[in-house]
S.K.: 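My questions all concern the structure below.
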Amino acid sequence: MKRWFLALCLLPAGIAVFLAVLILCGVLPNPVLYVKGNAALIALIAGVSLSAGMLLIFLLFSRIQKRYRDEIIQVQKLADEDHRRFIRRLDHELKNPLTAIRAGLTNLSSEPLGEYLTSELNAVQDQVLRINRLVIDLRKLAVLESTLPERADVNLAELLNYVVDDFKRQDILENRRLTLILPNAPWPLPDIEGDGDLLLLAVNNLLENAVKYTSPGDTIEVRAFDDGNDVVVEVADTGPGIPESEMERVWEELYRGEEVKGVPGSGLGLPLVRVIIEQHRGIVGLRSRPEKGTVFSIRLPAKKSGSQSGCYRWVTRHA
Amino acid sequence: MEKKKELNGNPRLLLVDDEMAITDRLEPFLSRAGFQVRVVGDGVSALQEVTMFAPDLVILDVLMPDLDGREVLRQLRQKGDWTPIILLTQVGESAERAMALMEGADDYINKPFDPYELAARVKAVIRRSHPGQPPLSTLERLRSGDLVVDRTTRRAYMNSVEISLSPRAISLLEYMITHPDELLTRERLLDAVWGWDYPIGMRAVDTRVAELRRTLGDKVENPEFIETVPGQGYRFIGKVENSS
């Protein structure tokens with residue numbers, strides 16, 4: 001709301017205070033005034049002016065609130081843009097030196113170096129590849145953020161089955177119990193619209209994360225259900241849990257939890273999940289209890305199948 | 001150009017990049033890989049050297065001051081010079097890379113890259129290039145047997161009947177048919193068509209290749225178009241020609 005309008009609103013009160021002061025100081029006379037009017041008129045004037053005053057305050061308040069919200073969104077947008085620009089610059093500044101380093105190391109490795117230098121060279125090469133991977137992953141994240149995913153029908157149940165089977169086939173579970181729970185009654189999991197390959201990557205990353213931060217003997221449960229509007233996929237584990245203070249930050253690029261810094265990882269697995277799900281008009285979230293475990297959730301809009309919505313009709317009875 | 005190649009034996013490469021830290025390392029590497037290499041650091045010299053040095057292939061960085069790689073490519077193609085060109089692209093934007101191909105680049109490779117991968121691409125492009133003719137990647141309609149791929153409309157036809165393919169399967173077919181006889185690893189296909197190359201994506205490649213085979217009626221044991229290279233990837237084995 002404009003400042004002048006606020007000033008205009010306060011002007012009558014200001015004049016009243018000024019006059020009262022003048023009267024009380026004896027500058028102006030202070031006669032006793034008797035106002036005569038009928039009750040209906042007085043009630044009308046009092047009621048309407050009170051309502052008008054309150055309405056004004058309400059309007060003022062909601063305008064201020066809206067402006068505050070818009071400002072937050074604007075600041076967030078600018079920060080996101082800044083962030084993407086930073087990633088692009090970082091990518092740009094790192095790609096040339098990395099190309100030169102990789103070529104130089106390749107040249108060195110073609111020379112006879114002896115055992116010690118060869119092993120040192122290999123160690124350096126491994127680390128360069130690590131930075132290389134990081135640069136490429138950051139770039140891919142930026143690309144995913146700016147491109148819309150392909151839209152096709154995705155059978156999520158089939159996809160989850162594939163990922164879980166794939167993990168069971170690999171030799172990485174080491175006595176972790178991995179189960180998949182899918183609904184069958186009264187209907188199976190509905191399809192969703194999107195890019196099956198990207199969603200596969202997202203679920204894979206969640207599961208990889210669960211395996212990484214649990215120990216042999218722990219349980220990992222993948223489950224999915226629909227609530228009539230959305231399909232929810234959860235990856236739950238009995239791992240160490242995530243501290244309250246880190247719960248939102250795990251979705252940020254390159255963030256690594258304080259207590260898991262020893263576990264190798266790029267800090268890009270979960271951000272990738274977030275970007276993929278957000279690009280599918282979905283949301284990500286997690287709940288966790290220390291020493292108990294964590295549940296990662298992704299929620300995606302289900303594909304509508306005709307008029308049969310299958311939505312809940314909730315009934316609430318208060319005692 | 002053919003004459004010079006006979007005289008000197010090894011294929012000639014023109015390496016164009018303004019980053020000396022890169023060219024100083026790549027030059028000895030590419031020489032050891034069996035190429036005659038000449039290095040220039042800007043677009044204007046690149047245009048001159050294409051005429052003077054008559055390279056069999058140009059490795060061209062995109063981002064250079066004054067005349068950038070894309071402009072060099074455009075100018076060369078405009079005057080009908082079809083010297084094979086590999087672009088060193090700077091961003092992972094697949095749309096930008098696709099555009100570079102349509103503008104006449106024979107292939108592209110993202111920085112930072114493995115020098116061995118660059119050498120392999122150079123050899124592949126030289127092998128499939130026909131001196132003086134536009135590369136397959138610039139053609140709008142390609143034919144292989146009964147299969148026709150129209151790249152402007154992104155449609156494919158079998159015996160003149162349109163076949164239904166998912167957008168990604170079309171992109172995959174397009175990439176494969178413009179890189180015939182080349183070993184296309186799953187990683188490379190993922191990077192080129194999907195834009196990312198995580199291990200789980202290998203399955204995505206296999207699924208789409210299966211979709212292509214099913215739709216094209218191609219048999220795994222006796223393929224007409226797509227051959228499986230066990231443990232490595234795929235190869236488009238059909239003979240590809242211009243159908244414009």
Side-chain angles (χ1 to χ4, degrees), chain A residues 88 91-92 94-111 125 128-129 131-144 146-147 149-153 158-159 162-163 165-167 170 195-205 207-208 268-269 272 276, chain B residues 15 17-33 61-63 88-97 109-119 165-172 187 190-191 193-208 211:
Chain A
R88 271 202 300 275
D91 180 18
H92 184 69
L94 287 177
K95 72 185 168 59
N96 278 332
L98 268 172
T99 308
I101 292 170
R102 289 193 70 174
L105 288 175
T106 308
N107 288 341
L108 274 181
S109 65
S110 69
E111 301 290 329
Q125 218 143 15
V128 168
L129 287 182
I131 304 176
N132 198 83
R133 183 80 239 178
L134 193 72
V135 169
I136 290 174
D137 282 356
L138 275 175
R139 181 187 298 171
K140 278 172 187 161
L141 206 60
V143 171
L144 278 180
S146 59
T147 38
E150 186 183 292
R151 303 199 71 75
D153 288 358
E158 201 180 281
L159 187 149
Y162 175 82
V163 181
D165 283 349
D166 190 55
F167 269 79
Q170 295 174 45
D195 185 330
D197 299 337
L198 284 179
L199 292 170
L200 184 82
L201 181 61
V203 176
N204 173 76
N205 279 11
L207 207 50
E208 222 170 57
L268 289 171
L272 201 65
I276 292 172
Chain B
L15 176 59
D17 195 326
D18 60 323
E19 284 273 332
M20 274 175 63
I22 292 175
T23 51
D24 285 354
R25 316 267 98 65
L26 275 182
E27 188 189 1
F29 171 79
L30 290 167
S31 303
R32 260 201 325 277
D61 187 35
V62 171
L63 217 69
L88 302 181
T89 48
Q90 57 121 13
V91 276
E93 299 279 355
S94 49
E96 180 155 324
R97 291 181 293 180
I109 189 163
N110 275 333
K111 280 180 173 181
F113 51 79
D114 177 4
Y116 287 107
E117 174 72 15
L118 176 66
L165 286 168
S166 64
R168 198 162 277 146
I170 278 276
S171 305
L172 180 63
E187 288 87 347
L190 264 179
D191 185 46
V193 179
W194 279 259
W196 43 269
D197 62 352
Y198 301 94
I200 189 79
M202 306 300 159
R203 185 244 187 190
V205 178
D206 294 342
T207 314
R208 295 296 164 147
E211 179 192 339

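Worth saying up front: this structure is predicted, and the values here are computed from it rather than measured. Protein chains get the first letters and strands the later ones, always in sequence-line order, with residue 1 at the start of each. Values below: every heavy atom of this structure, side chains too, minus hydrogens, waters and symmetry copies.
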S.K.: Can you tell me which portion of A:N107 sits under 4.5 Å from chain B's heavy atoms? Options are side chain, backbone, both or neither.
M.R.: both

S.K.: Looking at A:N96, A:N204, A:L98, A:T106, which has the largest count of heavy-atom pairs under 4.5 Å with chain B?
M.R.: A:N96

S.K.: For A:N205, is it the side chain, the backbone, both or neither that has a heavy atom under 4.5 Å from a heavy atom of chain B?
M.R.: neither

S.K.: If you look at every heavy atom in A:R139 and B:K111, which pair is closest and at what distance?
M.R.: NH2-O, 2.7 Å

S.K.: So for A:L198, is it side chain, backbone, both, or neither that comes closer than 4.5 Å to the heavy atoms of chain B?
M.R.: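 When you check distances to chain B, atoms from both the backbone and side chain of A:L198 fall under 4.5 Å.
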
S.K.: Are B:R208 and A:D197 close enough for a salt bridge, meaning some N to O gap below 4.0 Å?
M.R.: yes

S.K.: To the nearest 0.5 Å, tell me how far A:N132 CG sits from A:D137 CG.
M.R.: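 Between atom CG of A:N132 and atom CG of A:D137 there are 9.5 Å.
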
S.K.: Go through the atoms of A:R133 and report whether side chain, backbone, both or neither lie under 4.5 Å from a heavy atom of chain B.
M.R.: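 When you check distances to chain B, only side chain atoms of A:R133 fall under 4.5 Å.
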
S.K.: Nearest 0.5 angstrom please: A:R102 CZ to B:L118 CG, how far?
M.R.: 11.5 Å

S.K.: With chain A, which of B:D114, B:L26, B:D24 has the greatest number of heavy-atom pairs at distances under 4.5 Å?
M.R.: B:D114

S.K.: Could you give me the CA-CA distance, side-chain angles and deciding distance for B:E211 and B:S166, then say whether side chain to side chain donor-acceptor pair (under 3.5 Å) is met?
M.R.: CA-CA 9 Å; B:E211 179 192 339; B:S166 64; 3.2 Å; yes

